[in-house]
There are 2 protein chains.
Amino acid sequence: MKKTKDENTEEQILNAAKNVFQAKGMDGARMQEIADKAGINKAMLHYYYRNKQLLFEAVFNNAFSLLAPQLNTVLNDNSSIDEKIKNFTSNYISFIIKHPYLPNFIIQELNRNEDFIMKLKENKSFPNIEKFKKQVDKEVRNGLIKSISAEQLFINIMALNIFPFVAKPLIMAFTNTDNEHYKQLMEDRKTEVANFIINSIKVL
Amino acid sequence: MKKTKDENTEEQILNAAKNVFQAKGMDGARMQEIADKAGINKAMLHYYYRNKQLLFEAVFNNAFSLLAPQLNTVLNDNSSIDEKIKNFTSNYISFIIKHPYLPNFIIQELNRNEDFIMKLKENKSFPNIEKFKKQVDKEVRNGLIKSISAEQLFINIMALNIFPFVAKPLIMAFTNTDNEHYKQLMEDRKTEVANFIINSIKVL
DNA sequence: AAATTTGTTAACCAAATGGTTAAACCATAT
DNA sequence: ATATGGTTTAACCATTTGGTTAACAAATTT
């Protein structure tokens with residue numbers, strides 16, 4: 001890995017760290033491997049990021065700040081619930097195909113580090129369900145969708161979209177699919193999932 | 001942790017190892033911590049299980065052999081699809097409430113270790129979608145349920161049931177729920193999820 | 001151009017960690 | 001009681017690993 005002039009050392013480190021941390025997690029990652037991937041001396045990691053924990057946090061916050069806006073399209077957008085579901089599903093799956101390690105990484109490290117989420121919640125732009133809740137409650141009251149709590153609907157939307165990527169090896173094994181077929185299944189889900197959800201909540 | 005007479009050393013080790021590995025993963029787990037939790041000398045771990053990898057595999061296979069039969073109730077049971085969905089949803093959520101770390105552990109380690117799944121698939125009782133696929137295709141043909149591929153339906157069932165436990169910290173943060181409320185949400189899902197799925201695939 | 005700051009490296013270090021060894025312990029068979 | 005075999009322990013070891021240091025190089029300031 002050679003240095004290019006438009007990519008400074010700090011960025012290169014962060015990029016190498018992203019790859020290693022997302023593939024191996026905090027505990028499995030090695031500072032030496034990150035240095036090698038970045039094509040620099042190990043001491044540089046400490047020069048720029050002080051220690052492993054801080055480098056990890058830089059990677060994690062970076063990853064999380066990619067994910068959060070995606071969720072905000074469901075939670076804080078002005079479109080109807082139907083539209084939200086359609087948009088989110090299609091966009092999110094495209095997004096994850098570009099960042100396949102991301103959801104797993106975030107979920108994994110959040111599970112290992114309880115107080116991590118606290119720091120994130122302090123952030124103003126941390127996704128929040130309040131607006132979505134009002135919207136769902138209203139559409140339920142007005143008979144536009146079937147009775148369902150906003151929390152459960154939101155969990156279902158997240159589950160149907162995120163889980164297939166998190167559990168990829170498990171699902172590939174159970175369904176006997178190879179990588180190619182799996183990719184096709186995920187492509188199909190861009191519309192399938194939205195229909196599945198909407199079917200479930202639409203009034204007859 | 002005292003030894004009880006009906007629990008021999010080997011079992012104690014496995015039990016301690018289960019707790020540590022499931023909480024911290026292969027990389028984060030420490031042999032010394034396992035020994036301490038088991039109340040024995042570290043050398044005993046090697047006496048009974050040779051090395052960390054083998055001890056880990058014992059724990060992993062144990063965990064997986066708890067999960068697999070659960071999935072087989074969806075895939076290889078003789079009941080109707082409706083019944084399967086209802087039974088699986090209710091049973092699975094009860095099951096996971098008893099083993100909260102399990103799905104995360106399995107998913108995590110499977111993602112880290114590509115060839116792990118190969119070994120598992122060699123096992124005769126490894127869950128397989130074939131029978132379920134025939135059933136879904138037939139019910140679709142007969143107009144009993146809406147058109148959907150068995151793979152997608154199976155993925156949806158798994159996603160809706162497993163994801164909420166895997167992503168617990170994330171969901172708790174987004175939905176602003178405490179542990180008590182979260183538990184209630186999961187209880188509710190025992191019936192909610194089945195209804196959600198069935199609503200989505202039933203013909204009108 | 002001299003001085004100072006910033007970036008980079010090789011060599012080093014202490015602690016942690018998985019694993020080993022040799023001796024001791026203890027139940028049971030002889 | 002004593003020899004035997006599995007079980008358990010304390011002490012030890014080699015390697016890995018995150019992190020430091022001191023010297024060097026390259027900009028940047030004066």
Side-chain angles (χ1 to χ4, degrees), chain A residues 1-63 105 108-109 112-113 115-116, chain B residues 1-63 105 108-109 112-113 115-116:
Chain A
M1 288 224 181
K2 272 265 186 62
K3 236 177 285 188
T4 57
K5 267 160 205 138
D6 47 347
E7 206 187 3
N8 64 22
T9 305
E10 195 169 346
E11 275 169 356
Q12 273 193 235
I13 293 175
L14 198 62
N15 195 46
K18 187 191 80 183
N19 288 325
V20 176
F21 276 128
Q22 293 194 1
K24 311 202 170 176
M26 170 66 172
D27 294 327
R30 295 290 160 252
M31 295 298 268
Q32 188 60 59
E33 188 182 354
I34 295 173
D36 291 347
K37 284 237 164 83
I40 48 110
N41 187 288
K42 186 162 66 86
M44 295 300 280
L45 302 181
H46 297 89
Y47 180 76
Y48 283 104
Y49 292 92
R50 266 236 333 269
N51 58 38
K52 191 183 184 185
Q53 181 65 29
L54 287 174
L55 177 54
F56 173 80
E57 283 175 22
V59 170
F60 185 89
N61 291 333
N62 237 275
F105 173 66
Q108 190 47 35
E109 300 300 335
R112 290 258 192 284
N113 205 332
D115 40 287
F116 235 61
Chain B
M1 289 226 180
K2 270 265 185 68
K3 238 177 280 189
T4 55
K5 267 158 207 146
D6 46 348
E7 205 187 5
N8 65 20
T9 307
E10 195 169 347
E11 277 169 354
Q12 273 193 235
I13 292 175
L14 198 63
N15 195 47
K18 188 192 80 183
N19 289 325
V20 176
F21 276 127
Q22 293 195 0
K24 310 202 169 173
M26 171 65 172
D27 294 327
R30 295 290 158 250
M31 295 297 266
Q32 188 59 61
E33 187 181 355
I34 295 173
D36 291 347
K37 284 239 165 81
I40 47 111
N41 188 289
K42 185 161 66 85
M44 294 299 280
L45 302 182
H46 297 90
Y47 180 75
Y48 283 103
Y49 292 90
R50 267 243 320 276
N51 57 38
K52 191 183 183 184
Q53 182 65 28
L54 287 175
L55 177 54
F56 173 79
E57 283 174 23
V59 169
F60 185 88
N61 291 333
N62 236 277
F105 173 65
Q108 190 47 37
E109 300 300 335
R112 290 259 192 282
N113 205 332
D115 40 287
F116 234 61

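Here is the naming used below: chain letters follow the sequence lines, and residue numbers restart at 1 for every chain.
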Check your understanding: Quick one: does B:E109's side chain have a donor or acceptor within less than 3.5 Å of a partner on B:M26's backbone?
Key ->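 Confirmed, B:E109 side chain pairs with B:M26 backbone.
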Separation of atom [atom1] in [X] from atom [atom2] in [N], rounded to whole Å:
| X | N | atom1 | atom2 | result |
| --- | --- | --- | --- | --- |
| A:I34 | D:dG18 | CD1 | P | 8 Å |
| A:Q12 | C:dG7 | CD | P | 14 Å |
| B:Q32 | D:dA11 | CD | P | 13 Å |
| A:D36 | C:dT9 | CG | C1' | 14 Å |
| B:E33 | C:dG19 | CD | P | 16 Å |
| B:D27 | C:dA16 | CG | P | 19 Å |
| B:N8 | D:dT8 | CG | C1' | 14 Å |
| B:E10 | D:dG6 | CD | P | 14 Å |

Exercise for review: Measure the shortest side-chain to side-chain distance between B:M44 and B:Q12 over non-hydrogen atoms and say whether it is less than 4.5 angstrom.
Suggested key: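 No; the side chains remain at least 4.5 Å from each other.
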Practice item. List for me each residue that meets salt bridge (charged side-chain N to carboxylate O under 4.0 Å, His left out) alongside B:E33, sequence neighbours excluded, and say none if there are none. Key: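 B:E33 satisfies salt bridge (charged side-chain N to carboxylate O under 4.0 Å, His left out) with B:K24, B:K37 only.
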Practice item. Take B:N41 and B:Y47, measure what side-chain contact (heavy atoms from CB on, under 4.5 Å) needs, and give me the verdict at the end. Key: CA-CA 10 Å; B:N41 188 289; B:Y47 180 75; over 6 Å; no
Practice item. Apply side chain to side chain contact (heavy atoms under 4.5 Å, CB included) to A:N62 and list each qualifying residue two or more places apart in sequence or on a separate chain. Key: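 Per chain and number, A:N62 pairs via side chain to side chain contact (heavy atoms under 4.5 Å, CB included) with A:L14.
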Practice item. May I ask you to say what A:A29 touches in the nucleic acid, namely base, sugar-phosphate or nothing, with a heavy-atom cut-off under 4.0 Å? Key: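 Contact class for A:A29: sugar-phosphate only.
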**Study point:** Contacts of type ring-ring contact (aromatic ring centres under 6.0 Å, His included), residue A:F105, not counting sequence neighbours
**Key:**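 Counting only residues at least two positions away or on another chain, A:F105 forms a ring-ring contact (aromatic ring centres under 6.0 Å, His included) with A:F56, A:F60.
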Review point. When you check the phosphate oxygens OP1 and OP2 of D:dT16, does a side-chain N or O of A:R30 lie under 4.0 Å from one of them?
Key: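 For D:dT16, OP1/OP2 do not have a side-chain N/O of A:R30 under 4.0 Å.
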Review point. Does B:T9 put a side-chain nitrogen or oxygen below 4.0 Å from OP1 or OP2 of D:dT8?
Key: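 So the side-chain polar atoms of B:T9 do come within 4.0 Å of the phosphate oxygens OP1 or OP2 of D:dT8, strictly under.
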Using a cutoff of under 3.5 Å, can you pull out all pairs of nitrogen or oxygen atoms linking the protein to nucleotides 25-27 of chain C, with atom names and distances?
none

Practice item. Using the test side chain to side chain donor-acceptor pair (under 3.5 Å), find all partners of A:Q32 that sit at least two apart in sequence or belong to another chain. Key: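 With sequence neighbours excluded, A:Q32 shows a side chain to side chain donor-acceptor pair (under 3.5 Å) to A:D36, given in chain and number order.
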Practice item. Not counting sequence neighbours, which residues clear side chain to side chain donor-acceptor pair (under 3.5 Å) with A:E57? List them please. Key: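 By the side chain to side chain donor-acceptor pair (under 3.5 Å) rule, A:E57 matches A:Q53.
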**Study point:** DNA chain D contacts made by residues 43-58 of chain A, counting heavy atoms under 4.0 Å
**Key:**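 Of all residues in residues 43-58 of chain A, the ones placing a heavy atom under 4.0 Å from DNA chain D are A:A43, A:H46, A:N51, A:K52.
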Point to revise | salt bridge (charged side-chain N to carboxylate O under 4.0 Å, His left out) partners of residues 42-52 of chain B, not counting sequence neighbours, each pair once | key: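 Applying salt bridge (charged side-chain N to carboxylate O under 4.0 Å, His left out) to every pair that reaches into residues 42-52 of chain B, excluding sequence neighbours, yields nothing.
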